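Below is one structure, written out as structure tokens; the observations come after it.
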Amino acid sequence: MCGRFTLHDTPEEIIASLDGLDIDVDGAGLEPLEPCYNVAPTIYTPTVAGGETPTAGRRRWGLVPHWAKDPAIGNRMINARSETVAEKPAFRNLVAKKRCIVPANGYYEWKKHQAPGGGRSGKIPYYIRSPQHRVLWFAGLHDNWFSADDKRLDTYTIITTRPAAAVADIHHRMPVILPRDGIEQWLRPDRGDQAGALALLQPYNGELEAYAVSQMVNSPRNNSPLCMAPAAAADDADLLPGRSR
DNA sequence: CCAGACGTTGTT
DNA sequence: GTCTGG
DNA sequence: CCAGACGTTGTT
DNA sequence: GTCTGG
């Protein structure tokens, strides 16, 4: 699945990674963009919503459907399965007109770990990213919700699929990462039909690298580059004088 | 007709 | 909003 | 995903 | 144990 990710590039770098795709960044709310090394559900991040001219804007992670009575439902709607997204009542109506993409520099997965000797099992967090440090674009769905006092809430969910071979040992699900060539079809209804868009929801074909990180990422309150540092380096930093454990 | 769900993950 | 279940 | 809360009353 | 919040 995908329950935590990073986004630390500048807005310019993020937009440049779309390689000239025509998007409306007017009033996009991409600036200012604080680097975040530990994006958790309910956090606002940049997204690009589909349309004839795709439009950038900030949205909150955790889909709150427009019909929801309680926006707390968004705390649990952080992922949508690609295999069933076209059928599930909560998602299928969004597939037609509410597709979006979500930029990330990488994401975290927790690998279950069985201690030798039948001891306690635990979980080790891993960070997964492009070896060339390219921006990854997740496939998502979005919606807008209005509170009783008419406050607008824009939210999204990240679509998941089976893992690419490079990360299959870590976890049996991964976010859908769109190839650059697929982004226009995902975002622009004039570039193909819905079936074509759904066909893009596949395990990632590109290169990925993965390595273990420290437990620092576990708490959503931690937002430091050390969250994505290799485990040994992060542990060393933990031992620096003056740092409480 | 109205009421109630609408989701994923992992674990058992 | 829309569908399923009762 | 993980962390953290999980409660009421009355008083300031 | 289970739910909410980040």
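Since this is a predicted model, take the numbers as computed values, not measurements.
Across the C1' atoms, dG6(E) and dA5(B) are found 26 Å apart, a figure rounded to whole Å. Atom P of dT8(D) sits at a distance of 15 Å from the matching atom of dT4(E), rounded to the whole Å. dG5(C) sits 13 Å from dG7(B) when the P atoms are compared, rounded to a whole Å. dG10(D) and dC2(B) are spaced 42 Å apart, taking the P atom of each and rounding to whole Å. Nucleotides dC6(D) and dG4(B) are separated by 28 Å at their P atoms, to the nearest Å.
Remark: the backbone N or O of C100(A) is paired with a side-chain donor or acceptor of W186(A) at under 3.5 angstrom. The backbone N or O of H142(A) lies less than 3.5 Å from no partner atom in the side chain of R59(A), so there is not a single donor-acceptor pair. A donor-acceptor pair is defined here as one N or O able to donate and one able to accept, closer than 3.5 Å; such a pair exists between the side chain of T157(A) and the backbone of I78(A). Of the possible donor and acceptor atoms, none in the side chain of N105(A) sits under 3.5 Å from a partner among the backbone N and O of V135(A). The backbone N or O of E13(A) sits less than 3.5 Å from a side-chain atom of T10(A), completing a donor-acceptor pair.
Near DNA chain C, meaning a heavy atom under 4.0 Å away, the residues from residues 88-105 of chain A are R92(A), N93(A).
Here dT8(B) presents its P atom at 14 Å from CD1 of I158(A), a figure rounded to the nearest Å. If you take CH2 of W145(A) and C1' of dC6(B), they are 16 Å apart, rounded to a whole angstrom. As a whole-Å value, the separation of M77(A) CE from dC1(D) P is 16 Å. Atom CH2 of W110(A) is separated from atom C1' of dC2(D) by 6 Å (rounded to the nearest Å). Counting to the nearest Å, the C1' atom of dC1(D) and the CZ atom of R4(A) are 5 Å from each other. Between I73(A) atom CD1 and dT8(B) atom P there is a gap of 11 Å when expressed in whole angstrom units. A straight line from CD1 of I170(A) to C1' of dC1(D) spans 14 Å, rounded to a whole angstrom. Here dC1(D) presents its C1' atom at 16 Å from CE of M174(A), a figure rounded to the nearest Å.
The nearest pair of heavy atoms linking P175(A) to E109(A) is CD-OE2, 4.4 Å. Counting all heavy atoms, side chain and backbone alike, E207(A) lies closest to Y204(A) at O-CE2, 3.7 Å. Contact record, A56(A) with V25(A): CB-CG1, 4.2 Å, taken as the closest heavy-atom pair.
A sub-4.0 Å separation between OP1 or OP2 of dT9(B) and a side-chain N or O of R173(A) is present. For T157(A), no side-chain nitrogen or oxygen approaches OP1 or OP2 of dT8(B) to under 4.0 Å.
Among the heavy atoms of the strands lying under 4.0 Å from I78(A) is at least one base atom, whether or not backbone atoms are also near. Residue T84(A) is classed as a sugar-phosphate contact, given heavy-atom separations below 4.0 Å to backbone atoms only. Within 4.0 Å (heavy atoms only), N75(A) reaches at least one base atom of the nucleic acid. Here A80(A) lies in heavy-atom contact (under 4.0 Å) with sugar-phosphate atoms only. The residue R76(A) sits close to a base: some heavy atom pair falls under 4.0 Å. The residue S219(A) sits close only to the backbone: its heavy atoms come under 4.0 Å of sugar-phosphate atoms, none of a base.
The nucleotide range of DNA chain C contacted by chain A, defined by atoms under 4.0 angstrom from heavy atoms of the protein and reported 5' to 3', is dG1(C) to dC3(C).
Using N1 to N3 plus N6-O4 or O6-N4 for Watson-Crick, or N1-O2 and O6-N3 for G-U wobble, each under 3.5 Å, dC2(B) pairs with dG5(C). Pairing of dT8(B), defined by two Watson-Crick or G-U wobble distances under 3.5 Å, is not identified with any nucleotide.
Interatomic distance, OH of Y108(A) versus CG of N38(A), reported as 6.0 Å (0.5 Å rounding). Atom CG of residue L63(A) and atom CG of residue D154(A) lie 10.5 Å apart, to the nearest 0.5 angstrom. Taken from CD1 in I101(A) to CD in E184(A), the straight-line distance is 10.0 Å, to the nearest 0.5 Å.
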